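Written out below as structure tokens is the structure these notes cover.
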Amino acid sequence: MSNPFRADSGSGQQAAGIGMTSQRTRDRLVETLAQLSPLDARVLDVMRQIPRHLFVEEALASRAYDNVSLPIGHGQTISQPLTVAQMTSALLQGPSLRRVLEIGTGSGYQTAVLAALVPEVVSIERIGALAAQARRVLRDLRVRNVALVVGDGSQGLPGKGPYDGILITAAAATLAPQLFEQLAQDGRLIAPVGSREQVLRRFTRTATGLHEERLGAAHFVPLRRGRG
């Protein structure tokens, strides 16, 4: 599948960036990520192109290519780039993905990464203001294969399933059984699970049931129910 995103489209010069938001800075981030963890080369290629600085407030743009999470308002954050790369790489391992559900759109950055790798992305966000901002940035970057929904994603979005992959960008003490029912055969669900101590887990739906793997420690904002 061709990458639907190009860093020089939509927002033009703003997307290309200058100084601390330039392509050179983006390249350095990707080189750092490759040294920190085994990652899918396709994910790194996409992250090299996507202008992360457009997904944060202008005052924080100079830190957009540091390997840190950053506040985006409403008590939410844009995930650390390494976390985005690890979760996306884990999701890609296995049969090819055609439709992916993202629970927790947030800034829309993880959404853009998925959209460059998967033909169809459904993303749900409970906070309307964040969803509106993410929709504007994705539109400006001409990302057209994302259906963005405002609502409670704690139990998934069965009306648009089944999904080959589900990626949850907030932590829950336990995951709703309905989420696993929305996975297609061989589908993968990636999520941080736990309250005080979170563990990133991958669940794969097989012919004989769910196969669970621990991927490492995690630190995410809590998964909340209802609309914000």
Side-chain angles (χ1 to χ4, degrees), residues 1-17 21-34 36-56 61 64-65 67 69-70 72 78-125 130-131 133-149 160 163-169 184 187-190 202:
M1 172 188 162
S2 61
N3 189 337
F5 172 80
R6 293 293 182 270
D8 59 355
S9 68
S11 298
Q13 184 63 38
Q14 185 183 8
T21 62
S22 67
Q23 183 63 55
R24 182 176 298 178
T25 309
R26 210 171 302 163
D27 292 341
R28 282 200 298 267
L29 170 64
V30 169
E31 291 166 5
T32 299
L33 299 181
L36 291 174
S37 178
L39 298 168
D40 192 301
R42 293 169 293 177
V43 177
L44 293 176
D45 286 344
V46 165
M47 292 179 69
R48 191 185 302 277
Q49 298 178 64
I50 295 180
R52 188 173 185 252
H53 62 278
L54 296 186
F55 294 89
V56 299
Y65 301 106
N67 186 31
S69 60
L70 296 169
I72 56 173
I78 181 173
S79 293
Q80 180 184 18
L82 180 60
T83 300
V84 172
Q86 289 174 327
M87 292 182 73
T88 310
S89 294
L91 191 68
L92 289 177
Q93 290 178 8
S96 61
L97 305 166
R98 291 204 56 80
R99 180 186 296 122
V100 167
L101 172 65
E102 177 193 32
I103 298 175
T105 312
S107 69
Y109 177 71
Q110 173 73 80
T111 317
V113 172
L114 291 171
L117 294 161
V118 180
E120 182 181 354
V121 177
V122 179
S123 187
I124 184 166
E125 171 56 52
L130 286 181
Q133 175 62 21
R135 185 177 283 113
R136 283 193 293 271
V137 177
L138 294 171
R139 181 193 62 223
D140 288 346
L141 296 176
R142 299 181 185 176
V143 177
R144 298 189 176 98
N145 58 327
V146 173
L148 208 164
V149 179
K160 292 184 178 293
Y163 306 100
D164 303 303
I166 298 176
L167 192 149
I168 304 178
T169 63
R188 284 88 72 190
L189 184 153
I190 313 293
R202 176 171 54 200

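Treat the numbers as computed from the prediction; the structure is a model and nothing was measured.
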For this session: Could you pull out all residues at least two apart from Thr32 that satisfy side chain to side chain contact (heavy atoms under 4.5 Å, CB included)?
Result: Leu36
Exercise. Between Gln23 and Asp27, does any side-chain donor sit less than 3.5 Å from a side-chain acceptor?
Worked result: yes
Exercise. Is a side-chain N or O of Arg188 found less than 3.5 angstrom from the main chain of Pro95, in a donor-acceptor match?
Worked result: yes
For this session: Could you check Thr88 against Val46 for side chain to side chain contact (heavy atoms under 4.5 Å, CB included), going step by step and ending with a plain yes or no?
Result: CA-CA 11 Å; Thr88 310; Val46 165; over 6 Å; no
For this session: With rounding to the nearest 0.5 Å, note down the distance linking CD in Gln133 to CG in Leu54.
Result: 10.0 Å
Exercise. So, the side chain of Glu120 versus the backbone of Arg98: is there a donor-acceptor pair under 3.5 Å, distance only?
Worked result: no
Exercise. Between Leu92 and Ser89, is any pair of side-chain heavy atoms under 4.5 Å apart?
Worked result: no
Exercise. When rounded to the nearest 0.5 angstrom, what distance separates CD1 in Ile168 from CE in Met87?
Worked result: 8.0 Å
Exercise. Would you find a donor on one side and an acceptor on the other, under 3.5 Å apart, between the side chain of Asn67 and the backbone of Leu82?
Worked result: yes
For this session: Taking all heavy atoms of Leu39 and all of Ala34, pick out the closest pair and write down the distance.
Result: CD1-N, 4.4 Å
Exercise. At what distance, to the nearest 0.5 angstrom, does CD1 of Ile166 lie from CD of Glu102?
Worked result: 12.0 Å
Seminar exercise, completed: To the nearest 0.5 Å, atom CD1 of Ile103 lies from atom OG of Ser123 at 9.0 Å
Problem set entry | Heavy-atom check, side chain of Tyr65 versus side chain of Val30, under 4.5 Å | no
Exercise. Do the side chains of Val149 and Lys160 get nearer than 4.5 Å, heavy atoms only?
Worked result: yes
Exercise. What heavy-atom pair brings Gly165 and Leu97 nearest, and what distance separates the two atoms?
Worked result: N-CD2, 4.1 Å
For this session: Kindly indicate, with the supporting measurements, whether the criterion side chain to side chain contact (heavy atoms under 4.5 Å, CB included) is fulfilled by Leu138 and Thr111.
Result: CA-CA 9 Å; Leu138 294 171; Thr111 317; 4.1 Å; yes
For this session: For Thr105 and Ala131, indicate whether the former's side chain and the latter's backbone hold a donor-acceptor pair under 3.5 Å.
Result: no
For this session: Show your working on side chain to side chain contact (heavy atoms under 4.5 Å, CB included) between Arg26 and Arg52 and close with a plain yes or no.
Result: CA-CA 9 Å; Arg26 210 171 302 163; Arg52 188 173 185 252; over 6 Å; no
Exercise. For Ser107 and Ala134, which heavy atoms make the closest approach, and how far apart are they?
Worked result: O-CB, 3.5 Å
For this session: Check whether any side-chain heavy atom of Phe55 lies under 4.5 Å from a side-chain heavy atom of Leu141, and answer yes or no.
Result: yes
Problem set entry | Interatomic spacing from OG1 in Thr83 to CG in Leu33 - rounded to 0.5 Å | 9.5 Å
For this session: Could you pull out the closest heavy-atom pair between Leu148 and Arg135, with the gap in Å?
Result: O-NH2, 3.0 Å
Problem set entry | Val118 side chain reached by Leu91 side chain, heavy atoms, under 4.5 Å | no
Problem set entry | Where Ala64 and Val56 come nearest, the two heavy atoms and their spacing | CB-CG2, 4.3 Å
For this session: Would you give the length of the straight line joining atom CG of Asp45 to atom CG of Asp40, rounded to the nearest 0.5 angstrom?
Result: 9.0 Å
Problem set entry | Sub-4.5 Å side-chain heavy-atom contact between Gln110 and Ser79 | no
Problem set entry | Contact check, side chains of Ile72 and Leu130, non-hydrogen atoms, under 4.5 Å | yes
Seminar exercise, completed: Tightest non-hydrogen contact, residues Ala85 and Val43, listed as CA-CG1, 3.9 Å
